[in-house]
K.L.:
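Before I ask anything, here is the structure I am working with.
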Amino acid sequence: MSTSLYELKKIFLLQKGLHFILLLLFLKALLLFLMDKPVNADIEMNYPHYFSYLKEVQGSYSEIAEQFILEESERIANAKTLQQKMTEDYYDGVIEEAEFLAGTLPLERVLQNERGYELIYDQYTYIREHPADRYFLYRNGWDGLLSNDTLDLLWVLLVVLLVAPVYCYEYENKMDMLLLTVRKGTFQQSVCKICMALLSVALLSLLMSYMEFVFFQLKYGLEHGNYPLQSLSYFAESKKKCTLFEAFLWVTSGKVFGSLYLALLILFVSVCMKRYAFTLFTCTGILLIPYYGLPLESSKYNIPTPLGFLVSTGYLRGDEYRRDPFNDQLTAVFREVSLTTLGIVLGISLLLIFIMLLMIVILRSNAWSIKTGRFRGRLFSIPLLIWLSVTLLSGCTSSDYSEQSTTYNFSTRSSCENNNYRFYLDETDLNNIHTVFEDKRTGKKNEFMRNATSALTRVQNSLFCTGSYVYYMKYDSEKKRRFEEQKWFSIVQVDMDNFNEKVIFEKNLNSEERFFIDAKKMGNYESAFFFSIQAFFLDDKNIYFIGPEEIRSINRSTGTMKVVLRISPISSLAFDGRTVYYVNNSYVIKYDAVTQTKTTIPDIVTRDFLLEDNKLIFVNRKDGYRLYMYDLKEYIIRKLIDEPVMSFRFKEQTIYYINKMNLKEYGFKL
């Protein structure tokens, strides 16, 4: 008993362990309060509106919930249409202000919950793919607690600072040989040191997990812990059958085991090497090198080190893929860790733990080890160094593919241009309207799509240009039997430097399998959307499809489809590589695709605009349909012409417009 108390006093007081613990707890609490951000910030910003819908559908998927969502969708769409009509009538002078305010007030009450409805609808589209194991719930609390695979570096640092001095302190003060000669410097002392160190680490690990649980419970709430794990999209493809609370218990157990494993590894290395700095470097390297260096995210869970257990959430994740833009092949970014693999990793880890325990006791339990301890330390350090070297060599640096962004306008979706070519529709023959490209230097025209006349291929007149790449979309059919056709939807990339074509997106519209990114099942509700696509644009992470009343994005890494914006009707729309500009109730809205936030541009009331070189050219309804320009960088509005405009277009730094009074076309340089 006295030995145990002395070891506790030594760990917590003499070696400043208590100071480190209090400092870490303070930093942990501070970081949680200051650095924690909700996974879905829009839910917090629209909390009342979101929860008004969530309470109607909360729980498992049902026909009643689906009917409620569809009816609400129709109600909001009708309100937006009516509000748009009344707004146009008001600005056109058809109705007076009093009538406009009286008519739009009840519509605004309906539309004030629109963002909350969009959030619940996004959840609905995710749940209906696999309704059996995906439930409606408020996710931010459980997402913050479980949906990450980050290594807690503060905790690793604390374990190293707490455990490494247990033996290194004796070596630094030349007390190791003396302790091995006294009566209690044998087996009893070694077991006591190990037990006190492991007990301290286990209790602190449980305390850290409990602190996180309490934080997310107080900040967000952790209700419905009995819902399936797959209710969180982070675990969408997981085959593990457990509830959210059970998942937390599994993750906590894994972190405790990983912490004990790390503590034993530190004790083992310190006994073998007898150097404090070498122990710190080796043990942190064994964790950090695979964590940051392995190319496949799931690799760290397949090696018998403490790293996988310290993170633990990866053992519950499913398969994830992304398409390699260089060879157009699907590449796995995460492979689900099966129960068999987990059992093997756990078994090997337990064997290594037993060996390390045995060697620590042998090396620190008798005077005989004084003579042979250095030789044994070197002997057992060789496999450790080999292991570390293999881990170092296994890492590689991934190369990210980033494409140049360009200005995109929905109104000019059938034409675009880059530095060398101009692409547009050739309408000289109305029976054969097709896309051509013109060399800007020579003026020579050529056919752009080589297979556009194929009987089994239908090419849409929608283009997107970025750098030297041009993209178009097409539908391909294949006759299987006399009355059956198989259809594919594709996005094709054309490299104008060498005219090579590559399919970057492909979807089988007749089957229930998805051939892009992953193999999730898809119903008719998504297949039908692909037949209604009017245009598209893309960045280096997503492809955005413009439908009749909404814009959907497909993540190019995960293949996840979601509704980004609901716009009815879609008239003027532009994209600058990050921000989507569109008209809603005659006002221009900026939607940041990265932060997923919306901002209304003040003092612009219009129905038609074009985006060119960070400037919005628009027909100002507040000034009798005159043509104006708004600088998005300097926030300056200026009038371009003092004549009413019916429509306008932009070509080669020249604005061509149709005068509303005489219906004649004029042009001027911008």
Side-chain angles (χ1 to χ4, degrees), residues 323 325 328 403 406-418 420-440 444-480 484-511 514-517 526-539 542-548 550-554 556 561 570 573 575 649 651:
R323 185 175 291 278
D328 199 36
E403 299 183 30
T406 188
T407 300
Y408 172 82
N409 285 286
F410 177 68
S411 59
T412 58
R413 57 190 177 275
S414 299
S415 62
C416 63
E417 61 181 273
N418 55 25
N420 300 320
Y421 302 102
R422 186 166 63 93
F423 306 85
Y424 61 94
L425 285 180
D426 186 348
E427 300 178 326
T428 53
D429 183 2
L430 297 180
N431 294 322
N432 182 26
I433 299 175
H434 57 285
T435 303
V436 298
F437 68 94
E438 177 184 327
D439 193 312
K440 289 184 176 181
K444 184 179 179 180
K445 291 194 300 184
N446 294 281
E447 293 283 344
F448 175 57
M449 301 162 190
R450 302 169 189 173
N451 60 347
T453 58
S454 172
L456 298 177
T457 299
R458 178 167 60 91
V459 177
Q460 294 292 88
N461 296 324
S462 178
L463 301 173
F464 179 77
C465 297
T466 174
S468 61
Y469 295 106
V470 182
Y471 301 83
Y472 68 91
M473 59 183 185
K474 64 175 182 175
Y475 296 88
D476 290 297
S477 302
E478 177 185 351
K479 292 185 178 180
K480 292 288 187 180
E484 182 183 350
E485 286 188 351
Q486 192 78 7
K487 290 184 179 292
W488 286 271
F489 173 84
S490 307
I491 299 292
V492 182
Q493 171 189 281
V494 182
D495 188 342
M496 296 306 295
D497 291 334
N498 50 30
F499 297 95
N500 288 337
E501 292 191 356
K502 181 174 71 173
V503 175
I504 65 165
F505 174 87
E506 187 175 42
K507 171 71 185 77
N508 188 329
L509 300 180
N510 279 1
S511 74
R514 182 180 295 184
F515 291 93
F516 171 69
I517 300 298
E526 285 192 9
S527 295
F529 173 77
F530 285 96
F531 287 106
S532 64
I533 293 175
Q534 300 175 3
F536 72 98
F537 55 91
L538 53 90
D539 55 27
N542 299 287
I543 301 177
Y544 300 88
F545 295 109
I546 303 175
E550 63 185 14
I551 299 177
R552 297 189 186 187
S553 69
I554 287 188
R556 298 171 72 174
M561 175 183 278
I570 296 178
L573 182 143
F575 180 67
R649 58 190 177 93
K651 180 181 177 182

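As the structure is a computational prediction, the values presented were derived from the model and not from experiment.
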K.L.:
On the 0 to 90° scale, with breaks at 30° and 60°, tag the F499-F437 ring pair as parallel, tilted or perpendicular.
P.N.:
tilted

K.L.:
Between I570 and G547, which heavy-atom pair has the shortest distance, and what is it?
P.N.:
CD1-O, 3.1 Å

K.L.:
Once you measure the plane-to-plane angle for F448 and F423, does it fall in the parallel (<30°), tilted (30-60°) or perpendicular (>60°) bin?
P.N.:
perpendicular

K.L.:
Determine whether N420 and M496 make a side-chain contact, defined as any pair of heavy atoms from C-beta on separated by less than 4.5 Å.
P.N.:
no

K.L.:
When you measure from the centre of the six-membered ring of Y475, is the NZ or CZ of R458 under 6.0 Å away and within 45° of the axis?
P.N.:
yes

K.L.:
Could you work out, with side-chain contact (heavy atoms from CB on, under 4.5 Å) as the rule, every residue matching D495, not counting sequence neighbours?
P.N.:
S468, Y469, D497, N498

K.L.:
Is any side-chain heavy atom of Q460 less than 4.5 Å from a side-chain heavy atom of F489?
P.N.:
no

K.L.:
Only one of V494, L463, I504, V492 clears side chain to side chain contact (heavy atoms under 4.5 Å, CB included) with Y471; which?
P.N.:
I504

K.L.:
Got a sec, which residues hit side-chain contact (heavy atoms from CB on, under 4.5 Å) with D439, two or more places apart in sequence or on another chain?
P.N.:
Y421, R441, T442

K.L.:
Test side chain to side chain contact (heavy atoms under 4.5 Å, CB included) on K651 and E417 and set out the steps.
P.N.:
CA-CA 10 Å; K651 180 181 177 182; E417 61 181 273; 5.7 Å; no

K.L.:
Could you walk me through whether F530 and F505 pass the ring-ring contact (aromatic ring centres under 6.0 Å, His included) test, one step at a time?
P.N.:
CA-CA 12 Å; F530 285 96; F505 174 87; 5.8 Å; yes

K.L.:
With sequence neighbours left out, write down each residue that passes side-chain contact (heavy atoms from CB on, under 4.5 Å) with T412, or none if nothing qualifies.
P.N.:
N409, S415, L610

K.L.:
Less than 4.5 Å apart, any side-chain heavy atom of I491 and any of F536?
P.N.:
yes

K.L.:
Looking at every heavy atom in both V459 and Y472, which two are closest together, and how far apart are they?
P.N.:
CG1-CD1, 3.8 Å

K.L.:
I551 versus L573: any side-chain heavy-atom pair under 4.5 Å?
P.N.:
yes

K.L.:
In Å and rounded to the nearest 0.5 Å, what is the OG to CD1 distance from S462 to I533?
P.N.:
9.5 Å

K.L.:
Looking at every heavy atom in both P548 and Q534, which two are closest together, and how far apart are they?
P.N.:
CA-NE2, 3.4 Å

K.L.:
Which atoms form the tightest heavy-atom contact between V503 and S490, and what is the distance?
P.N.:
CG1-CB, 4.2 Å

K.L.:
Nearest 0.5 angstrom please: I543 CD1 to M561 CE, how far?
P.N.:
9.5 Å

K.L.:
Hey, are the side chains of F537 and R413 touching, using non-hydrogen atoms and a 4.5 Å cut-off?
P.N.:
no

K.L.:
Write down the atom of V436, the atom of K445, and the distance for their closest heavy-atom approach.
P.N.:
CG2-CD, 4.4 Å

K.L.:
Considering non-hydrogen atoms only, spot the tightest contact between F545 and I554 and give its length.
P.N.:
CE1-CD1, 4.0 Å

K.L.:
Kindly compute the distance separating CD1 (I546) from CZ (R552), expressed to the nearest 0.5 Å.
P.N.:
13.5 Å

